[in-house]
Participant: 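Supplied in structure tokens, the structure appears directly below.
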Number of protein chains: 2
Amino acid sequence: MQEADRGLKKGMAIMPGKDQISMTVVRRLPRYYRFLYGLKRDGVVRISSRELAVHMGLTASQIRQDLNCFGGFGQQGYGYSVEQLHAEIGHILGVNDPSPAVIIGIGNMGRAIGNYMDFDDRGVHITALFDYSEEVVGQVIRGMMVQPMGTAADYCRENGTKIAILCIPTSSAPEIVTLLINAGVKAFWNFTGYDVAYHHPETVAENVHLNDSLMTLSYSLRKRETDEADAI
Amino acid sequence: MQEADRGLKKGMAIMPGKDQISMTVVRRLPRYYRFLYGLKRDGVVRISSRELAVHMGLTASQIRQDLNCFGGFGQQGYGYSVEQLHAEIGHILGVNDPSPAVIIGIGNMGRAIGNYMDFDDRGVHITALFDYSEEVVGQVIRGMMVQPMGTAADYCRENGTKIAILCIPTSSAPEIVTLLINAGVKAFWNFTGYDVAYHHPETVAENVHLNDSLMTLSYSLRKRETDEADAI
DNA sequence: TAGATTGTTAATCGATTAACAATC
DNA sequence: TAGATTGTTAATCGATTAACAATC
């Protein structure tokens, strides 16, 4: 008697050759990529899993396991070519082939994201911005004019946009997400509290829950201080 | 022969009663908190782990395990009191007793964070803002005047500030972090690429790696599309 | 009391670490 | 060749799920 049936999950889409890479591993790739970029910039040519582990605070085993999910990038007795490994991981992450994306909501967060991020180096290319407010519509950010929210779904449909970045209040999210999905959007970078993945499991969603992250920090600090007080 | 000695980790600070709560569990608490708030607002009085599981896309077992790390908040045959559970988790997260914090760097991100977040409901209270730029110093955000970065460490020392929110470029992070730690700062909410936890393991750090998050989304979308193409 | 649901122990699953044969 | 280091298999560890006795 299973307690909750979460529907398809386990063997969905069992591919022929390469089997499913766990998200645990995928989430470490950007960090490898970042680190290898630094080594490359500093002129380091080769590195062993052991050295990399020391620098990154991981174990050499883990690094070898992670990289081997995607193929044998190393050479026995030598290690890994920094340049090649950097390029391979970049390729896996798709940084050379950016997908077009739109920002939904140009409040403080949308504006910060729009101005601050180096999107093109991350596999994403911003093509349009949308907002509800008449005051914001028409403003120019990064050379792009903010367009009325009502036109967002049509824009995505006409341009085949696959990624939407949600920087709207949580309460506005359910409606616009449905419209966007109907217009062909497949992936959401979600800054709202709305659980896109739960309500639309057919899409890809990556959440940035800043409130949750801050509360975790708050917990950890209190915990640390309590433990220190107890230890005396 | 261990491959990399990551120093203390396992049995550090073995407390008498309550044993170490895993971060996996802690990171779920804000989501429970958020969800229970919604239920409370909607007038729901009691809820079973099974109902909660269905609504949140978890298993009832997991919810009961998680909550039992902190004590028996439920009642057999009845379930959990929404109001009580919400209050208990809020208490665990320390939302009633906010810690003072400063924002280091008032660029796009610092400004967005400063304007957008409901800090006081998350256990954190912003008391000061700092920036390097002369243009930014003196600006008023949320009723607070931005102060020169050179005064940040002294401010924290004098006011006993324990939390710093890092919204500066990665390259500026190492220096200011050291200054802040020397001034008594214990916790960092880190928006930079600098690995605070690695370089200063004695502190508490919570990272928000927006670039990494975006790259993960980019990977997942490509993966999804490739799988769908292969499946045809 | 009977039904429901927790708290908790046991079983399973997945991720990390260790070990080592293959090989550069 | 000898030394180094990978790729990969086996062992361990931790987190999730299942099961069920306790109890409201």
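The sequence lines fix the lettering, A, B, ..., with proteins before strands; numbering per chain opens at 1.
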Participant: What pair of heavy atoms forms the shortest contact from Trp189(A) to Leu210(B), and how long is it?
Facilitator: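 Nearest heavy atoms, Trp189(A) then Leu210(B): CZ2-O, 3.3 Å.
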Participant: Without decimals, in angstroms, what is the distance between Gln75(A) CD and dG7(D) C1'?
Facilitator: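 Rounding to the nearest Å, CD of Gln75(A) and C1' of dG7(D) are 13 Å apart.
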Participant: If I take atom CG in residue Asn68(B) and atom P in nucleotide dA22(D), what distance separates them, rounded to the nearest angstrom?
Facilitator: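 Going from CG in Asn68(B) over to P in dA22(D) covers 16 Å.
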Participant: Whether Ser22(A) contacts dA15(C) is assessed here as follows: a side-chain N or O lying under 4.0 Å from the phosphate OP1 or OP2. Is that the case?
Facilitator: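 Answer is yes, contact under 4.0 Å.
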Participant: From the options dT8(C), dA15(C), dC24(D), select the nucleotide whose nearest atom is closest to the side chain of Thr24(A).
Facilitator: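 Out of dT8(C), dA15(C), dC24(D), the nucleotide with an atom closest to Thr24(A)'s side chain is dA15(C).
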Participant: How close or far is atom P of dT17(D) from atom CD1 of Ile63(B), stated in whole angstroms?
Facilitator: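 To the nearest whole Å, that distance equals 11 Å.
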Participant: OP1, OP2 of dA18(C) versus side-chain N and O of Arg50(A): anything below 4.0 Å?
Facilitator: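 Looking at the OP1 and OP2 atoms of dA18(C), neither is under 4.0 Å from any side-chain N or O of Arg50(A).
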Participant: Kindly say if Arg46(A) contacts the phosphate of dT6(D), meaning a side-chain N or O under 4.0 Å from OP1 or OP2.
Facilitator: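 No, outside the criterion.
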Participant: Nearest-Å distance, CD (Gln76(A)) to C1' (dA22(C))?
Facilitator: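 Atom-to-atom, Gln76(A) to dA22(C), this comes out as 6 Å.
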Participant: Would you mind reading off the distance between Tyr78(B) atom OH and dT6(C) atom P, rounded to a whole angstrom?
Facilitator: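 For the pair Tyr78(B) OH and dT6(C) P, the rounded distance is 11 Å.
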Participant: Does dT6(C) have its OP1 or OP2 closer than 4.0 Å to a side-chain nitrogen or oxygen of Arg64(B)?
Facilitator: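 The answer is yes; a side-chain N or O of Arg64(B) sits under 4.0 Å from OP1 or OP2.
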Participant: According to a strict under-4.0 Å criterion, is Ser49(A) in side-chain N/O contact with OP1 or OP2 of dT6(D)?
Facilitator: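 Affirmative; the distance criterion is met.
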Participant: Could you check whether the side chain of Gln65(B) and the base of dT16(D) have a donor-acceptor pair of N or O atoms closer than 3.5 Å, going by distance alone?
Facilitator: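 No, no donor-acceptor pair under 3.5 Å.
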Participant: Output yes when Asp212(A) and Arg34(B) qualify as a salt bridge under the 4.0 Å nitrogen-oxygen rule, no when they do not.
Facilitator: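 Yes, charged N to carboxylate O under 4.0 Å.
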Participant: Let me know the distance between CG of Asp66(A) and P of dT17(C), rounded to the nearest Å.
Facilitator: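 In whole Å, dT17(C) P lies 10 Å from Asp66(A) CG.
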Participant: Of Gly77(A) and Met23(A), whose closest DNA chain C nucleotide lies nearer the 5' terminus?
Facilitator: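 Result: Met23(A).
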Participant: Is Glu228(B) salt-bridged to Lys223(B), cutoff N-O under 4.0 Å?
Facilitator: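 Between Lys223(B) and Glu228(B) there is no salt bridge, as every charged N stays at least 4.0 Å from the carboxylate O atoms.
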Participant: Taking OP1 and OP2 of dT16(D), is either one under 4.0 Å from a side-chain nitrogen or oxygen of Gln62(B)?
Facilitator: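 Affirmative; the distance criterion is met.
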Participant: Should Arg46(A) and Glu83(A) be marked as a salt bridge (Lys or Arg N to Asp or Glu O under 4.0 Å) after you check the CA-CA gap, both sets of side-chain angles, and the distance that decides it?
Facilitator: CA-CA 8 Å; Arg46(A) 62 167 282 268; Glu83(A) 176 140 20; over 6 Å; no
Participant: Would you mind reading off the distance between Leu58(A) atom CG and dA18(C) atom P, rounded to a whole angstrom?
Facilitator: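 Checked: the CG to P distance equals 13 Å.
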Participant: For dA18(C), take OP1 and OP2 only and decide whether either is under 4.0 Å from a side-chain N or O of Ser61(A).
Facilitator: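 For Ser61(A), the contact criterion (side-chain N or O under 4.0 Å from OP1 or OP2 of dA18(C)) is not met.
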Participant: Please determine, for dC20(D), whether a Watson-Crick or G-U wobble partner exists with both distances under 3.5 Å, and give it or none.
Facilitator: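 For dC20(D), the partner nucleotide comes out as dG7(C), under the 3.5 Å rule.
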Participant: Distance check, rounded to the nearest 0.5 Å: Gln84(A) atom CD versus Tyr80(A) atom OH?
Facilitator: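 Answer for the CD-OH pair, Gln84(A) versus Tyr80(A), is 10.5 Å.
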Participant: Between C1' on dT5(D) and CD1 on Ile47(A), what's the gap in Å once rounded to a whole number?
Facilitator: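 Atom CD1 in Ile47(A) sits about 13 Å away from atom C1' in dT5(D).
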Participant: Look at the side-chain N and O atoms of Tyr80(B) and state whether any lies under 4.0 Å from the OP1 or OP2 oxygen of dA4(C).
Facilitator: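 Result: no.
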